[in-house]
Amino acid sequence: MMAVPGAVESRPTPFAVVPCALPPGRPGNACQPSLTSVPTHAFPKAARLTKTDEFSSVFALRPRRRSAHFVLYVRANGQPQGRLGIVVGKKFAPRAAERNLVKRMVRELFRQRQDQLVGRDVLLRLQAKFPRTEFPSRRAVRLACQAELAELMEVAARPLPSAPPAALTSPSGA
């Protein structure tokens, strides 16, 4: 192809809003929302515990609360935003769909209570399986999981106990 002098090449910009040819709400509508808008349900990286050291510093504390299937750890982080860490191992949820379901539920509950969890690191760890004998359907597992997680998030939102005052150490030679 040969460029024509004076012609302006039109390229779509990556953030352009393309009008949709199909009416909204119609099944199969391939129109996408604008890339310039930030989704309100985002889980930004600043709201996550990502590094091993961050997880280890929270795990070093005593658990704040245990439920039948989960353990909750909470620690003050001194930041203007709460952060969340989730540990769901294959030992207790062997199927990826189960692990992902638990993570999605935890993230959603955290997002709903983010304003109450400011300045804390919240870590939830799955510690036991949901036995098929007790929970015959996936719906039963989902409801039990939702109830436990909601209770634990309420505990995480409670005021943190104040740190005990540092013991004054006297010089050993006195």
Side-chain angles (χ1 to χ4, degrees), residues 13-18 24-25 29-130 135 138-166:
T13 61
F15 299 108
V17 177
V18 179
N29 191 344
C31 295
Q32 298 296 320
S34 168
L35 295 175
T36 57
S37 66
V38 176
T40 57
H41 301 310
F43 189 58
K45 196 166 188 171
R48 304 177 200 168
L49 293 175
T50 56
K51 299 178 182 168
T52 304
D53 292 344
E54 295 169 347
F55 275 88
S56 297
S57 66
V58 180
F59 270 134
L61 302 173
R62 273 191 16 218
R64 178 90 188 255
R65 176 68 63 96
R66 291 180 189 269
S67 69
H69 300 97
F70 294 95
V71 179
L72 171 72
Y73 298 86
V74 181
R75 171 182 87 105
N77 65 11
Q79 296 181 0
Q81 184 172 5
R83 298 187 304 175
L84 175 67
I86 309 167
V87 179
V88 182
K90 288 182 182 180
K91 180 178 180 181
F92 301 118
R95 296 180 59 226
E98 294 170 0
R99 293 191 301 274
N100 292 335
L101 173 68
V102 171
K103 291 178 199 176
R104 280 194 310 270
M105 291 170 70
V106 171
R107 283 188 207 113
E108 179 60 18
L109 288 168
F110 180 79
R111 186 191 64 79
Q112 291 172 355
R113 292 171 175 78
Q114 228 168 0
D115 57 331
Q116 301 167 0
L117 300 170
V118 171
R120 306 164 192 236
D121 288 341
V122 177
L123 182 69
L124 271 162
R125 179 175 57 92
L126 183 65
Q127 71 167 358
K129 288 184 178 184
F130 285 93
F135 302 99
R138 287 186 185 175
R139 181 169 167 71
V141 171
R142 184 175 290 139
L143 291 173
C145 186
Q146 183 92 21
E148 280 186 48
L149 291 172
E151 180 186 334
L152 290 173
M153 281 296 176
E154 289 297 323
V155 170
R158 291 181 193 156
L160 293 173
S162 59

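- Within the 4.5 Å cutoff, the side chain of V155 has heavy atoms near those of the R158 side chain.
- Between L124 and M153 the shortest side-chain heavy-atom distance falls below 4.5 Å.
- In this structure, E154 pairs ionically with R113, as a charged nitrogen and a carboxylate oxygen lie closer than 4.0 Å.
- Side-chain contact check for I86 versus F110: every heavy-atom pair is 4.5 Å or farther apart.
- To the nearest 0.5 Å, atoms CZ (R111) and CD (E108) are separated by 4.0 Å.
- With contacts defined as side-chain heavy-atom distances shorter than 4.5 Å, the pair L84/Q114 does not qualify.
- Put simply, the side chain of L143 does not reach to within 4.5 Å of the side chain of Q146, judged on heavy atoms.
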* Asked: side chain to side chain contact (heavy atoms under 4.5 Å, CB included) between D121 and Q79: does it pass, once the steps are laid out?
  -> CA-CA 9 Å; D121 288 341; Q79 296 181 0; 5.6 Å; no
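- With values rounded to the nearest 0.5 angstrom, F70 atom CZ is found 9.5 Å from Q127 atom CD.
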* Would you sort out whether Q112 and L109 count as a side chain to side chain contact (heavy atoms under 4.5 Å, CB included), showing the intermediate values? => CA-CA 5 Å; Q112 291 172 355; L109 288 168; 3.8 Å; yes
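- Note that the CD atom of Q81 and the CZ atom of R48 stand 11.0 Å from one another [nearest 0.5 Å].
- Aromatic ring orientation, H69 versus F130: parallel (interplanar angle below 30°, classes split at 30° and 60°).
- Of all non-hydrogen atoms in Q116 and A157, the two that sit nearest each other are OE1-CB, 3.4 Å.
- Residues F55 and L49 come closest through the heavy atom pair CE1-O, 3.1 Å.
- A distance of 7.5 Å separates OG of S67 from CG of L149, quoted to the nearest 0.5 Å.
- A heavy-atom distance below 4.5 Å is not found between the side chains of R75 and E54.
- The backbone N or O of V71 sits nowhere less than 3.5 Å from a side-chain atom of R65 that would complete a donor-acceptor pair.
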* Start with the C-alpha gap between V102 and E98, add the side-chain angles, then the distance that decides, and say whether side chain to side chain contact (heavy atoms under 4.5 Å, CB included) holds. => CA-CA 6 Å; V102 171; E98 294 170 0; 5.7 Å; no
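- The shortest non-hydrogen separation linking P80 to V118 is O-CG1, 3.2 Å.
- Annotation for A93 and V88: closest pair CB-CG1, 4.0 Å, computed over non-hydrogen atoms.
- Heavy atoms only, all atoms of each residue included: A144 and F135 are closest at CB-CE2, 3.4 Å.
- Here the closest heavy-atom approach between residue A68 and residue A128 is recorded as O-CB, 3.7 Å.
- Atom CZ of R142 has 12 or fewer heavy atoms from other residues, nucleotides or ligands within 6.0 Å.
- Contact check for R64 versus Y73: no side-chain heavy atoms found under the 4.5 Å cut-off.
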